[in-house]
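In what follows, a single structure is set out as structure tokens and then discussed.
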Amino acid sequence: METIKWSSGVVITVDQTMLPSKLVYLRLKTPKEIAKAIKRLSIRGAPLLGAAAALALAQAAYRSKAKTVNYLFRELTRTAAIIKTTRPTAVNLFNSIDTILKEVRDYSGDARSFRTFIIKRCLAMVQKDAEVNAELSRRGTKLISYRDTLLTHCNAGELATVRYGTALGVIMNAHRQGKKIKVINTETRPLLQGARLTTFELRRKKIPTTLITDNMVGYVMQKGMINKVILGADRILTSGHVINKVGTYIIAVLAKKHRIPFYVAAPTSTIDIEGSVRNITIEERNSEEVLEFQGIRIAAKGVSVLNPAFDITPPHLVTRIITEKGIIAPTPKEIRSVLK
Ligand code: MRU
């Protein structure tokens, strides 16, 4: 399944808010439509956000009537600014935009060839996401043993990437190799990416999975029901801190307590070279997501709500990070080594 693709200026992508009941494809014609789809989580997952950002820039070039290279570059930076305001935490979105802008900035040629150059560069970025995920899935598989039961959180599958997935990519590759693995996956309150998306993907590939609510993680670990944790990331700092869907930190603390390996699978495009724990923004989402369940109010009127979408797991709780360039310890030295 390709989660996102380009077709003559139109971005075709799965509407993730409709899953698992309906597999609906959106046809997004402008960068503003892409921005809206990101904000309402029709497009979500860190690597996919990077790809969608690249495709928004490709659309800006595709639709441009600019007669000069300078004017086209200004249009590109305006689109970049719109996309950068959609969601603040997944660094892939920012890395993707900044890499493309940097690469096309010094173009010398006419506006027409610049347009083609930008589009090609953006589409190459999308293609690369599929390739690096295939590679990290292949590398990560050696950490998975025959008959392992793996715990995963949120959705780090094909739906969160252009293709293959990250944590689920590793799981799927191990399954393809006949390792007879099982999965336990959390529902992932409040937006249920685990229940809606991860179970959808695992069922499609016929990988046995058992759904639990987020507060059952301690129970399954205490009962010895899982051997390993594997999940994705939205941002990895060079200090080794992992920012991922809220609830990841609780799982990491419990995994340490129960001596269960805790693996993070993410492409190097998820690494934030400059950020530190003090200056990253954790997205705070609408209180309705917590106050309501599928449109039905579940809490007393007037109650205040906290709804951070992500949390931060410190490096001492992370066993290894699986990237397309290698499996590394969460140390500054090893993280920087895969960025070369
Ligand atoms: O809010 P979401 O659904 O975009 O959050 C996604 C996650 O936290 C994923 O675990 C993460 O992006 C890893 S994707 C391979």
Side-chain angles (χ1 to χ4, degrees), residues 3-4 13-19 37-53 86-96 129-130 132-137 140 150-172 185-202 214 229-236 241-252 262-272 280-286 289-290 307-313 318 321-324:
T3 311
I4 202 161
T13 188
V14 176
D15 183 350
Q16 300 196 35
T17 63
M18 304 294 279
L19 287 170
I38 292 175
K39 278 190 185 159
R40 63 167 187 269
L41 266 60
S42 292
I43 297 174
R44 53 148 294 282
L48 190 66
L49 291 174
T86 53
R87 297 191 74 194
T89 307
V91 80
N92 309 59
L93 183 147
F94 301 90
N95 280 348
S96 171
D129 182 66
V132 299
N133 293 328
E135 180 58 18
L136 82 79
S137 303
L150 303 140
L151 178 83
T152 192
H153 183 54
C154 193
N155 173 264
E158 279 194 315
L159 290 165
T161 62
V162 175
R163 277 189 86 173
Y164 305 115
T166 59
L168 287 196
V170 174
I171 289 175
M172 285 177 186
N185 79 285
T186 59
E187 62 172 355
T188 321
R189 276 283 287 158
L191 294 178
L192 308 178
Q193 289 92 330
R196 294 185 303 104
L197 310 175
T198 298
T199 57
F200 171 81
E201 290 196 41
L202 292 170
D214 302 336
V229 174
I230 184 162
L231 37 71
D234 285 82
R235 193 181 281 246
I236 297 172
H241 289 81
V242 172
I243 294 98
N244 190 47
K245 178 55 58 194
V246 70
T248 300
Y249 174 57
I250 315 174
I251 296 173
F262 181 93
Y263 296 121
V264 175
T268 50
S269 56
T270 303
I271 298 173
D272 176 359
I280 52 164
T281 308
I282 298 290
E283 179 181 5
E284 181 70 36
R285 293 187 60 86
N286 202 314
E289 290 177 358
V290 177
N307 188 16
F310 304 95
D311 61 23
I312 305 174
T313 299
V318 177
I321 301 171
I322 305 161
T323 78
E324 78 279 14

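Atoms within each ligand, like the ligands themselves, are counted from 1 in listed order.
Within the listing of ligand 1, atoms 4 (O), 12 (O) sit less than 4.0 angstrom from a heavy atom of Gly45. Listed by number with element, the atoms of ligand 1 under 4.0 Å from a non-hydrogen atom of Gln193 are 1 (O), 2 (P), 3 (O). Within ligand 1, counting atoms from 1 as listed, the ones closer than 4.0 Å to a heavy atom of Pro47 are 14 (S), 15 (C). Under a 4.0 Å criterion applied to the non-hydrogen atoms of Ala46, ligand 1 contributes the atoms 12 (O), 14 (S). Within the listing of ligand 1, atoms 7 (C), 8 (O), 9 (C), 10 (O), 11 (C), 13 (C) sit less than 4.0 angstrom from a heavy atom of Asn244. Residue Arg87 approaches ligand 1 through these ligand atoms, each under 4.0 Å from one of its heavy atoms: 1 (O), 2 (P), 4 (O).
Looking at heavy atoms from C-beta onward, Leu159 lies in side-chain contact with Leu19 at the 4.5 angstrom threshold.
A side-chain donor-acceptor contact under 3.5 Å links Glu201 to the backbone of Glu158. Between the side chain of Thr188 and the backbone N or O of Ala195 there is no donor-acceptor pair closer than 3.5 Å.
Ligand 1 is never approached by Leu168 to a heavy-atom distance shorter than 4.0 Å. Ligand 1 lies nowhere less than 4.0 angstrom from a heavy atom belonging to Ala90.
Contact annotation: for Lys245 versus ligand 1, heavy atoms closer than 4.0 Å belong to both the backbone and the side chain. Under 4.0 Å from ligand 1, heavy atoms of Ala156 appear from its side chain as well as its backbone. In Asn155, the part holding a heavy atom less than 4.0 Å from any atom of ligand 1 is the backbone. With a 4.0 Å heavy-atom cut-off, ligand 1 is reached by no atom of Ala266.
A salt bridge between Asp214 and Arg189 is absent, with no side-chain N of the basic residue lying under 4.0 Å from a carboxylate O of the acidic one.
The single protein non-hydrogen atom nearest to atom 15 (C) of ligand 1 is Thr166 OG1, 3.1 Å, given as residue, atom name and distance. Ranking the protein heavy atoms by distance from atom 3 (O) of ligand 1 puts Arg44 NE, 2.5 Å first. Nearest protein heavy-atom contact of atom 7 (C) of ligand 1 is Asp234 OD1, 3.2 Å. With hydrogens left out, the protein atom closest to atom 14 (S) of ligand 1 is Ala160 CB, 3.5 Å, a heavy atom.
Between Gln16 and the choices Leu48, Leu191, Leu41, the side-chain contact (heavy atoms from CB on, under 4.5 Å) rule is met once, by Leu48. Just one of Asn244, Val318, Thr248, Ile322 meets the side-chain contact (heavy atoms from CB on, under 4.5 Å) condition when paired with Val264; it is Val318. Checked against Ser269 for a side chain to side chain donor-acceptor pair (under 3.5 Å), the options Asn92, Asn95, Thr323, Asp129 give a single hit: Asn92.
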Is there a side chain to side chain donor-acceptor pair (under 3.5 Å) between Asn185 and Thr152 once you walk through the steps? CA-CA 5 Å; Asn185 79 285; Thr152 192; over 6 Å; no

*Kindly indicate, with the supporting measurements, whether the criterion side chain to side chain donor-acceptor pair (under 3.5 Å) is fulfilled by Arg196 and Asn155.*
CA-CA 9 Å; Arg196 294 185 303 104; Asn155 173 264; over 6 Å; no

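Other residues, nucleotides and ligands place no more than 12 heavy atoms under 6.0 Å from the OH atom of Tyr249.
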